[in-house]
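A short worksheet on the structure shown next.
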Amino acid sequence: SVRPAPVPRSMFTAWAAASRANQIFLYHVPTKREFGRLTDPALIASGLYQNPGVAHLDLVQSMKFSPDSQLLASGEYRTVKFWERKRDSRTQEWQGIETPVRSLARSGDGKIVALGTDSGQIRLIDAATGAPLRTLEGAHSAAVSGLAFTKAADRLVSGSHDKQIVIWNVADGKLHDVSFSYAMRE
């Protein structure tokens, strides 16, 4: 297996990730070159796969870099994995999520991860421990397809296949006073 050469810290923000099936490819944007693929050593050790380059057991459905590009979160059917740039390694894995994760967001301070699910729920998770903080529910009737924290991380914006865009209070998990729907053009 080829190990990537160390990269200057100043270049960390120049990365992009793309998924194909259960693989995650890293790209260096300025040079437009593939840098490598992420490998979960547990999948190789399980004997299911023999060659490196396999990041998930199932189809990768969502990915999100942290604001400093040091951490990449990737979601599959019922699992979310966190990959740390410093070591190009998986740092955490959360299993047992009841419904597939369709979207991910990490707060700017790195303390909270939001998971948008197929069921319309949003799970807020403590990024350091993986412990659930709260579940945001009642506003979406379809899969949550997009999530973004405000810069202050006091609000979370969610978009769903039900054509609703909702703003949530992160502190108490309640709906903020602004929500609206949009119409799709045919």
Side-chain angles (χ1 to χ4, degrees), residues 7 9 11-19 22-26 36-43 55-140 143-160 165-176:
V7 177
R9 192 173 248 325
M11 296 179 72
F12 284 161
T13 58
W15 299 103
S19 67
N22 62 350
Q23 301 176 346
I24 298 174
F25 296 81
L26 296 176
R37 289 187 284 172
L38 297 178
T39 299
D40 183 344
L43 291 176
H56 281 269
L57 186 60
D58 203 352
L59 177 71
V60 177
Q61 298 185 22
S62 55
M63 293 185 295
K64 179 75 173 183
F65 276 106
S66 62
D68 65 359
S69 297
Q70 294 297 306
L71 196 68
L72 174 68
S74 59
E76 65 173 76
Y77 180 62
R78 292 184 178 182
T79 302
V80 177
K81 295 182 181 185
F82 293 88
W83 308 84
E84 191 173 4
R85 172 66 196 107
K86 294 174 198 165
R87 296 185 300 256
D88 284 330
S89 62
R90 178 176 53 94
T91 60
Q92 291 183 24
E93 180 174 320
W94 303 336
Q95 295 185 357
I97 300 165
E98 292 82 20
T99 61
V101 174
R102 296 291 179 198
S103 54
L104 298 163
R106 187 174 172 109
S107 62
D109 61 7
K111 294 180 179 178
I112 302 172
V113 174
L115 309 175
T117 68
D118 255 3
S119 67
Q121 293 181 332
I122 301 164
R123 306 288 172 88
L124 298 182
I125 309 288
D126 181 301
T129 66
L133 297 172
R134 66 188 49 84
T135 300
L136 311 179
E137 56 190 341
H140 293 301
V144 177
S145 55
L147 292 167
F149 282 95
T150 59
K151 191 169 189 169
D154 60 338
R155 305 266 192 270
L156 177 70
V157 179
S158 61
S160 171
I165 297 174
V166 176
I167 302 173
W168 304 86
N169 290 318
V170 173
D172 61 12
K174 295 182 179 177
L175 287 172
H176 187 59

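The figures here come from the full heavy-atom set of this structure, side chains too, leaving out hydrogens, waters and symmetry mates.
Taking OG1 of Thr39 as the start and CH2 of Trp83 as the end, the distance is 7.0 Å to the nearest 0.5 Å. For the atom pair CG of Leu104 and CZ of Phe65, the computed distance is 12.5 Å after rounding to the nearest 0.5 Å. A distance of 10.0 Å separates OG of Ser103 from NZ of Lys64, quoted to the nearest 0.5 Å. Here CZ of Arg106 is found 14.5 Å from CG of Leu147. Values are rounded to the nearest 0.5 Å. The structure places CG of Asp40 at 3.5 Å from NZ of Lys81, a figure rounded to the nearest 0.5 Å. To the nearest 0.5 angstrom, Leu43 atom CG is 8.0 Å from Asn22 atom CG.
Checked for salt-bridge contact, Lys111 and Asp126 miss the test: no charged N lies under 4.0 Å from a carboxylate O.
With sequence neighbours left out, Thr135 forms a side-chain hydrogen bond (donor to acceptor under 3.5 Å, both in side chains) with no residue at all. Listed by chain and number, the residues in a side chain to side chain contact (heavy atoms under 4.5 Å, CB included) with Val157 are Ile165, Ile167 (sequence neighbours excluded).
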- Before giving the answer on side-chain contact (heavy atoms from CB on, under 4.5 Å), spell out for Leu133 and Ile112 the whole-Å C-alpha distance, their side-chain angles and the decisive distance to 0.1 Å. CA-CA 9 Å; Leu133 297 172; Ile112 302 172; 3.9 Å; yes
- Please lay out, stage by stage, how Ser62 and Val101 fare under the test side-chain contact (heavy atoms from CB on, under 4.5 Å). CA-CA 7 Å; Ser62 55; Val101 174; 4.1 Å; yes
- Please assess Thr117 against Ile122 for the test side-chain contact (heavy atoms from CB on, under 4.5 Å), listing each intermediate value before the final yes or no. CA-CA 6 Å; Thr117 68; Ile122 301 164; over 6 Å; no
- Message: Quick one, Leu136 with Leu175, criterion side-chain contact (heavy atoms from CB on, under 4.5 Å). Give me CA distance, side-chain angles, the key distance, then yes/no.
- Response: CA-CA 9 Å; Leu136 311 179; Leu175 287 172; over 6 Å; no
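A pairwise comparison of heavy atoms in Gly120 and His140 identifies O-CB, 3.5 Å as the closest pair. Scanning both residues, Ser158 and Trp168, for their nearest heavy atoms gives OG-NE1, 2.8 Å. Taking each heavy atom of Ala73 and Phe82 in turn, the nearest pair found is CB-CE2, 3.6 Å. Nearest heavy-atom pair across Gly110 and Ala127 is O-CB, 3.2 Å. Across all non-hydrogen atoms, the minimal contact from Met63 to Ser19 is CE-N, 3.5 Å. Minimum heavy-atom separation, Ser107 to Ala153: CB-CB, 3.8 Å.
Contact annotation: the side chain of Pro132 never approaches that of Arg123 to less than 4.5 Å [non-hydrogen atoms, C-beta and beyond]. In this structure the side chain of Glu76 never reaches within 4.5 angstrom of the side chain of Leu59, judged on heavy atoms. Using a 4.5 Å heavy-atom threshold, the side chains of Glu84 and Leu71 count as touching. Side-chain contact between Leu72 and Ile24 is present, with at least one heavy-atom pair separated by less than 4.5 Å.
Inspection of the Thr79 and His56 side chains reveals no N or O donor paired with an N or O acceptor under 3.5 Å.
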